[in-house]
Amino acid sequence: MITVFGSINMDLIATTERLPKPGETVAGNGFATAAGGKGANQALAARRAGRYVHMAGAVGKDAFAADALALLDDAGTDLSLIRHVDGPTGTALILVGGDGENMIAVVPGANGLVTPADAEAAVARMSEGDILMLQLEVPVPAVERALSAARAKGITSILNLAPLIPDAPRLGRLADIVIANETEFERLAGQNGLDAGAREAALTRLHQETGQTLIVTLGGDGVIAIRDGAISRAQGLVIEPVDTVGAGDTFCGYFAASLDEGLDFASALRRAAVAGSLACLKSGAQPSIPFSEEVADRI
């Protein structure tokens with residue numbers, strides 16, 4: 001079983017010919033809403049990959065709450081660990097210009113009210129061998145408590161080091177498996193501007209220090225990872241990306257689902273890399289997450 005402990009948002013997206021300057025008003029030419037939040041995105045990906053998933057987090061008591069949970073509910077995700085708190089559901093206000101540049105303001109709302117007690121409640125329902133997936137869009141004390149409780153029960157924890165907050169390197173040391181992109185990994189390693197050789201050396205050094213499984217996503221260059229002292233690589237599909245939004249969350253969700261299904265590590269990496277590639281072939285306000293049948297057909 002997989003439990004995802006993290007953020008649940010509603011994204012409000014407006015498009016304009018160009019982004020406004022400070023103090024300026026410009027006319028918009030489009031508007032859309034979409035369920036989001038890294039936690040919800042990863043839970044949906046894992047569920048669509050065919051695994052049983054609990055989503056743990058919080059939404060507000062507002063008009064956005066039901067819409068933020070609708071896709072998860074429709075997919076059959078267990079939502080019994082989600083609290084409805086006073087105040088607004090988390091929101092992301094996104095303005096996209098005609099050249100593709102954007103401006104984003106994220107209002108944590110209910111995500112900011114997730115507590116260590118919520119973490120304990122989520123882990124209490126889990127058993128040894130289950131998988132707990134986390135990100136960094138809910139308060140640090142809650143993430144830290146979840147990681148500590150998971151370790152005490154023999155639960156496999158997967159931490160996606162996004163967004164890149166100051167506590168990311170410290171929290172990263174508490175997880176069994178860490179997933180990071182290139183920038184996030186450099187923060188974890190304490191080194192900037194790593195080329196391929198230096199990245200592999202840093203991976204090896206960190207692995208020797210911590211014994212953790214470390215995974216670095218490299219966009220079009222695939223994935224590099226280290227587990228049990230061995231370096232692994234996986235390549236996604238060779239594609240012309242349409243929209244990379246949601247690709248990282250898709251990778252995380254499919255990776256967790258693949259481990260939960262019993263796939264070996266190399267196969268889980270490959271399946272997740274293909275799923276992340278397929279997510280980039282679709283566009284739209286909501287991150288596109290492919291269904292498991294589509295991924296299976298492309299591996």
Side-chain angles (χ1 to χ4, degrees), residues 1-6 38-56 75-78 122-123 125-135 143 146-147 149-162 171-172 174-181 185 203 207 210-218 222-236 246-279 289-296 298-299:
M1 183 186 73
I2 300 170
T3 296
V4 180
F5 184 70
K38 295 191 71 62
N41 289 344
Q42 292 178 15
L44 184 60
R47 178 64 190 137
R48 286 181 165 177
R51 308 311 296 168
Y52 188 74
V53 179
H54 287 272
M55 178 71 217
T77 312
D78 188 309
V123 175
R125 292 200 187 179
M126 303 180 72
S127 302
E128 183 176 355
D130 286 345
I131 295 174
L132 176 68
M133 174 166 283
L134 310 99
Q135 320 76 34
V143 174
L147 288 167
R151 177 159 294 181
K153 290 188 69 171
I155 293 164
T156 299
S157 59
I158 302 175
L159 177 63
N160 178 210
L161 286 187
L171 293 171
L174 303 178
D176 297 311
I177 301 172
V178 175
I179 300 175
N181 64 22
F185 177 72
L203 262 177
H207 179 65
T210 67
Q212 294 170 295
T213 297
L214 304 170
I215 301 170
V216 185
T217 58
L218 306 171
V223 183
I224 184 171
I226 187 166
R227 182 181 179 92
D228 297 331
I231 294 284
S232 299
R233 292 178 175 81
Q235 188 65 45
D249 292 335
T250 300
F251 176 91
C252 291
Y254 267 82
F255 175 75
S258 298
L259 291 186
D260 190 55
E261 189 176 327
L263 271 66
D264 63 80
F265 184 70
S267 297
L269 277 185
R270 169 64 177 162
R271 186 183 187 215
V274 170
S277 298
L278 288 171
I289 301 173
F291 286 87
S292 55
E293 293 86 352
E294 186 177 1
V295 177
R298 303 296 287 272
I299 293 179

- Message: Going by side-chain hydrogen bond (donor to acceptor under 3.5 Å, both in side chains), name the residues that satisfy it together with Ser232, two or more places apart in sequence or in a different chain.
- Response: none
- Query: Can you name the residues that form a side-chain hydrogen bond (donor to acceptor under 3.5 Å, both in side chains) with Asp78, not counting sequence neighbours?
  - Reply: Tyr52, His54, Ser80
- Message: Any non-hydrogen side-chain atom of Asn181 less than 4.5 Å from a side-chain atom of Phe251?
- Response: no
- Query: salt bridge (Lys or Arg N to Asp or Glu O under 4.0 Å): which pairs involve residues 250-268, sequence neighbours left out?
  - Reply: Arg51-Asp260, Glu261-Arg271
- Sequence-distant partners of Thr3, side-chain hydrogen bond (donor to acceptor under 3.5 Å, both in side chains), two or more places apart: none
- Nearest-0.5 Å distance that lies between atom CG in Leu218 and atom CZ in Phe185: 10.0 Å
- Message: Donor-acceptor pair, distance only, cut-off 3.5 Å: does the side chain of Arg233 make one with the backbone of Gly222?
- Response: no
- Quick one: do Ile215 and Leu269 satisfy side chain to side chain contact (heavy atoms under 4.5 Å, CB included)? Show the steps, please. CA-CA 9 Å; Ile215 301 170; Leu269 277 185; 4.0 Å; yes
- Message: Checking Ser157 now: which residues fulfil side-chain hydrogen bond (donor to acceptor under 3.5 Å, both in side chains) with it, not counting sequence neighbours?
- Response: Asp176
- Item | Separation between OG1 of Thr77 and CZ of Arg48, rounded to the nearest 0.5 Å | 9.0 Å
- Would you please name every residue forming a side-chain contact (heavy atoms from CB on, under 4.5 Å) with Ile226, sequence neighbours left out? Leu203, Thr204, His207, Leu214, Ile231
- Side-chain donor/acceptor of Lys38 to backbone N/O of Ala162, under 3.5 Å: no
- Result of checking Ile177, Ile158, Asn160 against Met133 for side-chain contact (heavy atoms from CB on, under 4.5 Å): Ile158
- For residues Ala150 and Leu132, report the shortest heavy-atom separation together with the two atoms involved. CB-CD2, 3.8 Å
- Task: Taking all heavy atoms of Ser127 and all of Ile155, pick out the closest pair and write down the distance.
- Result: O-CG1, 3.5 Å
- Task: Drop me the distance from Asp249's CG to Gln135's CD, to the nearest 0.5 angstrom.
- Result: 7.0 Å
- Please name the pair of heavy atoms, one in Ala175 and one in Leu159, separated by the smallest distance, quoted to 0.1 Å. CB-CB, 3.7 Å
- Note on the structure: Output for pair (Arg125 CZ, Met1 CE), nearest 0.5 Å, gives 8.5 Å
- Item | Shortest non-hydrogen contact from Gly172 toward Val178 | O-CG2, 3.4 Å
- Note on the structure: Residues Gly253 and Ala45: closest non-hydrogen pair is CA-CB, 3.9 Å
- Query: Do you know which two heavy atoms are closest between Ala146 and Val123, and how far apart they sit?
  - Reply: O-CG2, 3.9 Å
